[in-house]
Amino acid sequence: MFRSHTCGELRTEHIGHEVTLAGWVHRRRDHGELIFLDLRDRYGITQVVFDSITAMAHKVAEESRSEYVLQIRGRVRARPAEAVNPHLGTGTIEVEALEAQVLNPSRTTPIYIAQEGGEDEMIRLKYRYLDLRRERMQRNLILRHRVIKFMRDFLDEEGFLEIETPILIKSTPEGARDYLVPSRVHPGKFYALPQSPQQLKQLLMVAGYDRYFQVARCFRDEDLRADRQPEFTQLDMEMSFVDQEDVIQLIERLFIELCRAVVPHKHVPTPFPRLTYAEALARYGSDKPDLRYGLELINLSDLLMATPFQVFQQALANGGEVKGLCIPGCGSYSRKQIDELTEFAKIGGARGLAWAIVPADGGEVRSSFGKNLGEGEMSAIVERMAAQPGDLLLIVADQPTVVAAALDRLRREFAQRLKLADPNTLNFSWVLDFPLVEWNEDEARWDAVHHPFTAPQDADMHLMATDPGKVRAKAYDLVLNGYEAGGGSIRIHRRDVQQQLFDLLGITPELAQAQFGHMLEAFEYGAPPHGGIAPGIDRIVMILADESTIREVMAFPKTQQAVDLMTAAPSPVDERQLKELHINLR
RNA sequence: GGACCCGUGGUGUAGCGGUUAACAUGUGGCCCUGUCAAGGCCAAGAGCGCGGGUUCGAAUCCCGUCGGGUCCGCCA
């Protein structure tokens, strides 16, 4: 044994004990004849004192530098009252070194472990094994472990079985771009890495494993974002003989209890608020609204049906809408600031931004468009938006999707600027009644919004043939503080309904057979009604950890170009490897 | 594919047409028995991501390129 205790373990009760510690030199305070070393491991920090009387040990301390790995035998003693360190768990004691040896020296590290952050993320990722020594990353990875452990224990208690599914699976052109793995044995053929174990978990339902889950690694070859990595982890789940409400109830209990266990200082409003997809878009411009604050979109369309203002009039005439946000207390914004907001809205697709200011001193409303309005329209707008003196009104007129995108951006921007979102609230919510399909302009066809196995709502079945865009799906998203934290659905278990949907999606029987033949066949052998959900573990842990990127809760993440800076993956391979795989590079 | 931001000793920053390229921290040496971001003294360490251009003169301006980030597209 290299150690008798960890560096976070010793307390007053250990005083007088002889102990052996091993760890890294966190900091060194060299007073000449007396040297203090903070020895660190992942459990904590213990102060070790080297007196020159114990000459051999003292010499080791003298030669040691940051991040040297040391083993120290010593005696635990109380610190003098004035030398107690309240910031350390071990702060009431110290270890008087009797014997010490360097297990391994360290070069000067490119990042300083004892001091948090500040440096370019590039350097942290290149030397991730050093970055991971730091408290922040340890805290995040420990939290992640606790979250996953809680999920496993909870679902085990609920009768779920964790079943592994293959990583090498069949590629299907639906959805995200697949990562492909060439087959050596079958020239010209490829496996795909799973975007999620979707089909496999449904087949497990057919197989009678009526409560399945998996902490599943998923792969999507799409461009990265702060909350998107090419490989990520989902709590993949599926249940038989359930409806939407059963899934929702179970997940709600899971997250309420999880948060109580791992982040007890956070406030979780319950029950989780529920919004329909249509309502979420109408009120917040997003299907994943942050409900920690209001700042809702206000519809002005009906007030302006007869407006002489061309921009509004045309938008309404073309089936669009006019909506706005009332930003409290921002009436003092300058033209330059408003111009910047306009540019910001344009990123969201808006062609422009109409603004109005209700002066704080109660004077006339100033605006970019007031002179174009008809009689009484401005006062109607101010009244509808409940604008108070000192408020800024921002208005977008366009097609509903554009209005929603632009105002959603502005809503989130102002929530940040005005600090409207309480960082210690976890606002889980459900967004329900997603459309089953949406019209794809480019390809001129209907696409599945969720995936092609999602069941339509019974009440909307009659619209399948006549007005498919209006059919709602038995699909639901779990939203947390403005992030999509998970999505799921009740699946189609009847062959005839599946056929109807394939017809709608333009998937011919031949194509269906080639791509999903195994699924269709399986469903002919007694598929139970089933459904599930897949919460995104990285995103949820990110939010629980108060981080703003999922890289901070992953041990070895990739850059925006999907590169691992530490190992330099991806990398070229030997000609011989390519040859074995029957691959010629173009 | 596109927009924007960033790139200066090991690390973090300053410098924004003429500086011996500044500061902090870390690093090396010396001194120091109660520190915990220990302290004091001394020293070394970058030619400014890379390549071109403009200029008498470029870290500073321009063009390109590489790398990192945020976002749009994309993500059933």
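Just so it is clear, the model here is predicted, and its values are computed rather than measured.
Residue ring and nucleobase are not stacked for A/H31 and B/rG34 under a centre distance beneath 5.5 angstrom and an angle between planes beneath 30°.
Heavy atoms of A/E119 sit under 4.0 angstrom from primed sugar atoms or phosphate atoms, though from no base atom. Note on A/Q198: a base of the nucleic acid sits closer than 4.0 angstrom, heavy atoms only. Heavy atoms of A/D30 sit under 4.0 angstrom from at least one base atom. Within 4.0 Å of A/R177, counting heavy atoms only, lies no atom of the nucleic acid at all. Using a 4.0 Å heavy-atom cutoff across all strands shown, A/R228 reaches at least one base atom of the nucleic acid. At the heavy-atom level, A/R551 lies under 4.0 Å from the strands shown only through sugar-phosphate atoms. Residue contacts shown for A/A83 include a base, since a base heavy atom lies under 4.0 Å away. Residue A/R539 is out of contact with every strand shown, counting any heavy-atom pair closer than 4.0 Å. Note on A/D120: only backbone sugar-phosphate atoms sit closer than 4.0 angstrom, heavy atoms only; bases stay farther off.
With B/rC71, B/rA37, B/rG34 as the choices, the nucleotide that has an atom nearest any side-chain atom of A/I347 turns out to be B/rC71. Checking B/rC75, B/rC36, B/rG34 against every side-chain atom of A/A176, the shortest atom distance belongs to B/rC75. Comparing B/rG10, B/rG69, B/rC36 against the side chain of A/P110 picks out B/rG10 as the nearest. Relative to the side chain of A/T108, the nucleotides B/rU11, B/rG26, B/rG68 differ in distance, and B/rG26 lies closest.
Separating the P atom of B/rC6 from that of B/rG10 is a span of 23 Å, rounded to the nearest Å. A distance of about 47 Å separates the C1' atoms of B/rA37 and B/rG1, rounded to the whole Å.
Look at A/R220 and A/E231 and you find no salt bridge, because none of the NZ, NE, NH1 or NH2 atoms lies under 4.0 Å from a carboxylate O.
Judged by the 6.0 Å and 45° rule, A/R217 forms no cation-pi pair with A/F232. A cation-pi geometry, defined here as NZ or CZ lying under 6.0 Å from the six-membered ring centre and within 45° of its normal, does not hold between A/R65 and A/Y68.
For a distance-only test at 3.5 Å, the side chain of A/Q47 qualifies as a donor-acceptor partner of the base of B/rU35. Residue side chain A/R65 does not reach the base of B/rG26 through any donor-acceptor N/O pair under 3.5 Å, judged by distance alone.
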side-chain contact (heavy atoms from CB on, under 4.5 Å) between A/L436 and A/W446, intermediate numbers included: CA-CA 10 Å; A/L436 182 70; A/W446 293 102; over 6 Å; no
Working for side-chain contact (heavy atoms from CB on, under 4.5 Å), residues A/V471 and A/V437: CA-CA 7 Å; A/V471 176; A/V437 293; 5.9 Å; no
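Nearest-nucleotide mapping onto RNA chain B: of A/E438 and A/R27, the residue sitting toward the 5' end is A/R27.
Rounded to an integer number of Å, the gap from CG of A/D223 to C1' of B/rG1 is 9 Å.
The partner of B/rG39 is B/rC31, by the rule that a Watson-Crick or G-U pair needs both atom distances under 3.5 Å.
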